[in-house]
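All figures in this text were calculated on a predicted structure; none of them were measured in a lab. Note on naming: letters A, B, ... go to the chains in the order of the sequence lines (proteins, then strands), and numbering restarts at 1 for each one.
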Amino acid sequence: MSAPLHDLGVAELAQAFADKQVSSVEATAHLLERAAAHAHLGAWLCIDADAALAQARSADALRAQGHASPLLGVPLAHKDIFVTRDLPTTAGSKMLANYRSPFDATVVARLAAAGTVTLGKLSCDEFAMGSGNENSAWGPVKNPWDLTRVPGGSSGGSAAAVAARLVPAATGTDTGGSIRQPASFSGVTGIKPTYGVCSRFGMIAFASSLDQAGPMARSAEDCALLLGAMSGFDERDSTSVQRPPQDYAALMHAPRPGATAAQPLKGLRVGLPREFFPAALSADVDHAVRAALAEMEKLGATLVDVSLPRTELSIPVYYIIAPAEASSNLSRFDGVRYGHRAAKYTDLLDMYKKTRAEGFGPEVKRRIMIGSYVLSHGYYDAYYLQAQKLRRMIADDFQRCFAECDVIAGPVAPSVAWKLGGQNDDPVANYLADIFTLPASLAGLPGMSVPAGFAASGEGAGMPVGLQLIGNYFQEGALLHAAHAFQQATDWHRRAPQGVGA
Amino acid sequence: MTTKLTGPLIRGYEVVIGLETHAQLSTRSKIFSGSSTQFGAAPNTQASPVDLALPGTLPVMNRGAVERAIRFGVAVGARVAHQSIFARKNYFYPDLPKGYQISQYETPVVQGGVVEFFVGEVQHRVNLTRAHLEEDAGKSLHEDYAGQTGIDLNRAGTPLLEIVTEPDMRSSVEAAEYAKTLHALVVWLGICDGNMQEGSFRCDANVSVRKPGAPYGTRREIKNLNSFKFLQQAIDCEVQWQIDLIEDGGAVQQATALFNPNGNGGRGETRAMRSKEEAHDYRYFPDPDLPPLVIAPEWIEQVRAAMPELPRAMAERFQREHGLPEYDALAATQSKAHAAFFEAATALCRAPKLVANWMMGELARRLNADGLAIDNSPVGAATLGALIGRIGDGTISNTGARQIFDALWVGESTDVDALIESKGLRQLNDTGELDRLIDDLLAANAKSVEEYRAGKDKAFNALVGQAMKATKGKANPAQVTELLKKKLG
Amino acid sequence: MALTPEDVARIAHLARLEFQPAEQAAMLGQLNAFFSIVEQMSAVDTRGVEPLHTPLSAISDVTLRLRDDVVTESDQRELNQRSAPAVEDGLFLVPRVVE
């Protein structure tokens with residue numbers, strides 16, 4: 001075996017297990033060593049080596065008995081927003097320091113049932129609120145491509161761990177871009193499926209009508225394997241979609257009608273919303289994305305000009321709806337049944353106020369304040385209701401686009417990863433940077449980030465750039481197919497940051 | 001014939017009352033979780049992760065709760081909404097685990113409807129605004145835990161149907177009668193066990209007063225009235241309090257109040273609550289965890305078809321089939337037990353009106369006195385039926401029947417005929433014997449006969465009296481009169 | 001329209017958050033900065049547009065799934081209370097509630 005163990009992706013590891021080249025225990029032990037060696041990245045919040053090795057042993061035992069499910073024995077880790085029965089769950093918040101859930105999230109349980117090995121939990125922005133992973137109560141996560149930069153957020157720990165080869169894959173969640181943007185900033189592949197495809201049961205709620213779980217890995221192929229195991233109907237989530245299990249790997253490999261080996265994307269109409277290429281878009285990102293689109297053309301795709309006229313409006317719309325839902329979802333953190341309770345208080349009201357003041361960080365408080373305000377008496381219609389109406393208009397804009405194209409493509413973010421501490425003082429600047437990921441989130445559409453190159457020059461030179469692909473409802477297969485074809489022709493997704501070492 | 005105009009005035013003020021009733025629905029499991037709703041379990045042993053609002057949990061709606069809401073809607077002739085929305089009512093309280101209550105706000109599942117009942121001989125109609133599904137909160141136990149309050153969340157998530165009336169009621173008596181009728185209905189429908197001690201049926205009363213013809217006054221809401229007696233008392237206290245305030249030149253402030261039956265030297269008092277006052281901005285919004293509840297017309301029809309005969313319908317049938325007056329028919333259908341009692345007794349004696357009279361009269365009186373429910377009355381339907389049968393066939397007089405009833409009540413015997421004999425209450429209907437007896441009587445009272453023939457009616461009455469005396473009251477007075485008239489020509 | 005310090009105090013109370021004066025002042029500035037980007041929203045004519053409360057209703061009717069009325073939970077009090085700040089006799093303890 002040529003490549004070092006940690007360079008193997010999910011499918012490659014599974015193959016190596018099947019070929020008896022390496023065991024799950026060996027792979028797990030190796031990654032546990034790397035976790036210790038790269039602790040400075042700040043990606044890990046907790047690791048249970050004994051539990052992981054025990055899972056690996058039983059996976060190897062099952063394989064020895066002839067079991068061969070595609071993910072059997074594959075080590076991975078979970079964003080700390082998923083509750084786990086056997087590991088602490090903090091959602092990146094002091095509020096949940098030492099919290100232990102009595103049950104596993106559905107996504108966690110399904111990946112375990114598929115035979116994966118859980119190494120531990122990965123850092124994220126507090127309650128998944130942020131785009132730099134700097135809002136975690138447990139410290140920032142460093143971008144493996146440049147330790148002075150953010151990995152993106154809120155699934156920053158997952159992105160950094162995958163990029164640094166600490167895990168072949170990790171789970172993430174995406175409410176307004178929290179899988180796609182860190183995937184782009186850290187040069188990994190991530191997909192947010194259609195709303196309702198992955199169960200939200202056991203995912204600590206940020207904004208219930210937007211939250212979706214998805215995989216983050218090094219390739220579309222690996223994402224397809226994970227998504228197949230994570231997704232599917234769950235009766236414990238009333239917004240979970242009832243449809244037969246999907247074989248995303250098969251959908252990803254299925255050739256398009258009329259496609260050839262040289263032109264696997266023949267006939268694919270790729271829509272480019274002109275609003276996704278504004279003057280404000282950084283030149284580095286613009287170049288990388290356009291180069292990637294040219295590559296897709298080479299592969300047979302045709303580029304069509306489309307419009308998402310309310311792209312800019314999606315910022316206020318999202319930042320009203322998401323905080324409104326969040327302000328209500330986070331009311332349960334009151335210090336009564338679990339979680340942090342202030343040490344000193346005079347009465348019940350004082351206990352509530354001090355507990356929540358101490359337990360929540362600044363960004364969470366900000367969003368609770370915005371959300372409570374837009375729902376409060378006299379403001380509901382002007383803000384929340386108006387935002388939900390605009391949300392429908394934004395969703396309808398997408399349907400008009402999909403009459404003219406099969407997938408939509410553009411940048412994930414206006415810039416590459418920014419410097420740690422760079423935007424802390426200006427929350428609104430962070431909100432504006434979500435402009436390209438918010439529309440698909442509001443519409444509940446599947447979206448993906450695919451490594452598309454690196455900033456060639458300028459202040460962010462050498463930082464990864466992601467290409468965003470957006471599909472119509474339940475078109476995850478089409479996204480994965482396009483991304484896979486692109487990754488067969490490019491090697492951006494195989495590039496590893498300097499210094500992740502052997 | 002509704003009393004929607006001016007009701008009875010109190011110190012020159014008209015009382016305006018609307019009720020909000022929380023009926024716990026009789027489902028096995030909670031409205032959004034699979035926890036048991038059994039009453040009385042050890043604290044928090046029936047509080048699942050969903051009920052405790054643990055991180056990551058989500059609500060899943062119980063079909064049984066929806067089915068019961070439909071049953072109620074059909075029963076009160078309301079519109080069962082094809083689509084209704086669950087909303088979050090946001091406020092902080094230790095017995096509210098999520099920091100919001102899942103309820104229905106803009107579009108409730110049941111819209112409109114009417115509840116009808118009698119107060120004395122007067123019929124009343126109370127219009128319902130709505131009935132909506134929501135979850136119950138937990139319980140705060142205030143007994144001392146080192147100066148702290150203990151929270152038990154077993155009740156949290158128990159399904160509630162909140163039934164809201166228009167401000168249609170004009171007296172505390174009317175309000176109590178409405179509440180009793182509603183209580184009887186939900187129990188009749190089997191959607192609520194009606195156990196008021198356990199809090200399965202709780203009323204909040206919105207009370208205001210106004211000078212006749214004036215616009216509605218400012219109302220205060222008296223919360224958690226869990227007996228009809230308290231409901232009536234609380235409203236009476238509140239009305240006096242409001243009138244006193246206004247008469248003293250004050251103005252009623254909108255508030256929620258609690259009723260303390262022992263307050264004010266045992267006369268009872270209503271006092272405004274402190275705790276919930278600030279939390280007035282509930283920030284309602286549609287719950288993103290729960291898509292719209294859609295009820296297909298077919299489902300409503302299935303429920304309608306499976307519905308038991310409703311008290312109203314049964315009362316109409318009693319009027320039709322047994323010729324009962326409406327008032328009697330409603331009394332006979334005040335509960336399933338009453339209706340069953342009436343039908344069983346009537347089947348035996350074929351004297352429905354007499355049965356109704358006895359049920360509303362003697363039986364009701366004795367049941368009340370002994371604080372018994374009709375289903376465990378010492379005198380069962382069969383026995384009362386037999387007794388009434390003996391009145392009908394003239395074997396005994398009403399007075400005699402009352403004596404027998406007392407004997408039956410105290411358990412002297414259960415055999416009506418045996419009691420009639422042992423107490424010698426059989427009426428004398430044998431004409432032959434009476435004939436002889438009257439002949440002797442006329443012979444013995446020649447003087448009275450003379451006076452009668454001379455035109456003194458009093459003399460005739462004296463003769464009847466003599467006859468009754470001679471028969472120790474067993475003679476049938478009608479028969480005696482008839483015979484005397486014949487013989488005196 | 002800009003928020004006032006009173007608005008911030010009122011909302012903080014509604015949300016049960018305690019702010020130190022400096023925090024509260026900073027919060028006021030940040031909220032107003034945010035609402036300045038919100039204003040563009042109100043300019044849009046949305047008459048006759050149905051709000052999109054759950055995304056998939058953009059393409060199809062999404063209706064509530066109903067669960068059968070069966071008890072599926074057993075007593076897990078110990079496990080469920082393992083992260084509770086204050087428990088006695090199985091009850092969660094809080095500062096005395098005054099009604």
Between Pro291(B) and chain A, which part of the residue has a heavy atom less than 4.5 Å away: side chain, backbone, both or neither? side chain
Could you tell me which of Tyr338(A), Tyr384(A), Phe201(A) has the largest number of non-hydrogen atom pairs under 4.5 Å with chain B? Tyr338(A)
Quick one: does any side-chain atom of Tyr282(B) pair with a main-chain N or O of Ser376(A) as donor and acceptor, under 3.5 Å? no
How long is the straight-line distance from CD of Gln148(B) back to CG of Leu348(A), given to the nearest 0.5 Å? 11.0 Å
Heavy-atom pair count under 4.5 Å with chain B, highest-scoring of Ser101(A), Ala207(A), Ser328(A), Ala105(A): Ser328(A)
For the residue pair Phe285(B) and Tyr380(A), is the inter-centroid distance of their aromatic rings smaller than 6.0 Å? no
Evaluate whether atom CG of Asp347(A) has more than 12 neighbouring non-hydrogen atoms of other residues, nucleotides or ligands under 6.0 angstrom away. yes
Pairwise distance OH(Tyr379(A)) to CG(Asp281(B)) - rounded to 0.5 angstrom: 10.0 Å
Could you walk me through whether Arg200(A) and Leu58(B) pass side chain to side chain contact (heavy atoms under 4.5 Å, CB included), step by step? CA-CA 8 Å; Arg200(A) 293 187 297 114; Leu58(B) 295 168; 3.9 Å; yes
Tell me, yes or no, whether the heavy-atom count around Tyr105(B) atom OH, taken from other residues, nucleotides or ligands under 6.0 Å, exceeds 12. no
CD/Gln38(B): more than 12 non-hydrogen atoms of other groups inside 6.0 Å: no
Side chain, backbone, both or neither: which part of Phe333(A) has a non-hydrogen atom closer than 4.5 Å to chain B? side chain
I need the Tyr352(A) OH to Tyr93(B) OH distance, nearest 0.5 Å. 8.5 Å
Heavy-atom proximity to chain B below 4.5 Å, by part of Ala324(A): backbone
Chain B interface, residue from Val336(A), Asp237(A), Thr106(A) that has the most non-hydrogen pairs under 4.5 Å: Asp237(A)
Quick check for you: to the nearest 0.5 Å, what is the distance between Phe92(B) atom CZ and Met351(A) atom CE? 10.5 Å
Interface check, chain B: of Ile81(A), Leu385(A), Asn329(A), Thr89(A), most non-hydrogen pairs under 4.5 Å belong to Asn329(A)
Among Gly378(A), Gly339(A), Ser209(A), Gly202(A), which has the most heavy-atom pairs under 4.5 Å with chain B? Gly202(A)
For Arg88(B) and Ser208(A), which heavy atoms make the closest approach, and how far apart are they? NH2-OG, 3.8 Å
Under 3.5 Å, is there a donor on one side chain and an acceptor on the other for Arg337(A) and Asn44(B)? no
Distance-minimising heavy-atom pair for Asp334(A) and Pro97(B): OD2-O, 4.4 Å
Taking side chain as everything from C-beta outward and backbone as N, CA, C, O, which of these in Glu235(A) sits under 4.5 Å from a heavy atom of chain B? Side chain, backbone, both or neither. backbone
Most contacts with chain A, counted as non-hydrogen pairs under 4.5 angstrom, among Gly34(B), Gly99(B), Pro286(B), Pro55(B): Pro55(B)
Test side chain to side chain contact (heavy atoms under 4.5 Å, CB included) on Phe103(A) and Thr57(B) and set out the steps. CA-CA 10 Å; Phe103(A) 62 93; Thr57(B) 54; 3.7 Å; yes
Is a side-chain donor or acceptor of Arg283(B) paired with a backbone partner of Ser372(A) at a separation under 3.5 angstrom? no
Using non-hydrogen atoms and a 4.5 Å limit, figure out which bit of Pro49(B) sits close to chain A: side chain, backbone, both or neither. side chain
Mind listing the closest non-hydrogen atom pair of Leu54(B) and Pro102(A) along with its distance? CD1-CG, 3.4 Å
Okay, Tyr100(B) and chain A: the region with an atom under 4.5 Å from a heavy atom over there is side chain
Name the option with the most non-hydrogen atom pairs under 4.5 Å to chain B; the candidates are Val374(A), Leu96(A), Leu210(A), Ile204(A). Ile204(A)
Of the listed residues (Leu290(B), Asp289(B), Leu52(B)), which shares the most heavy-atom pairs with chain A below a 4.5 Å separation? Asp289(B)
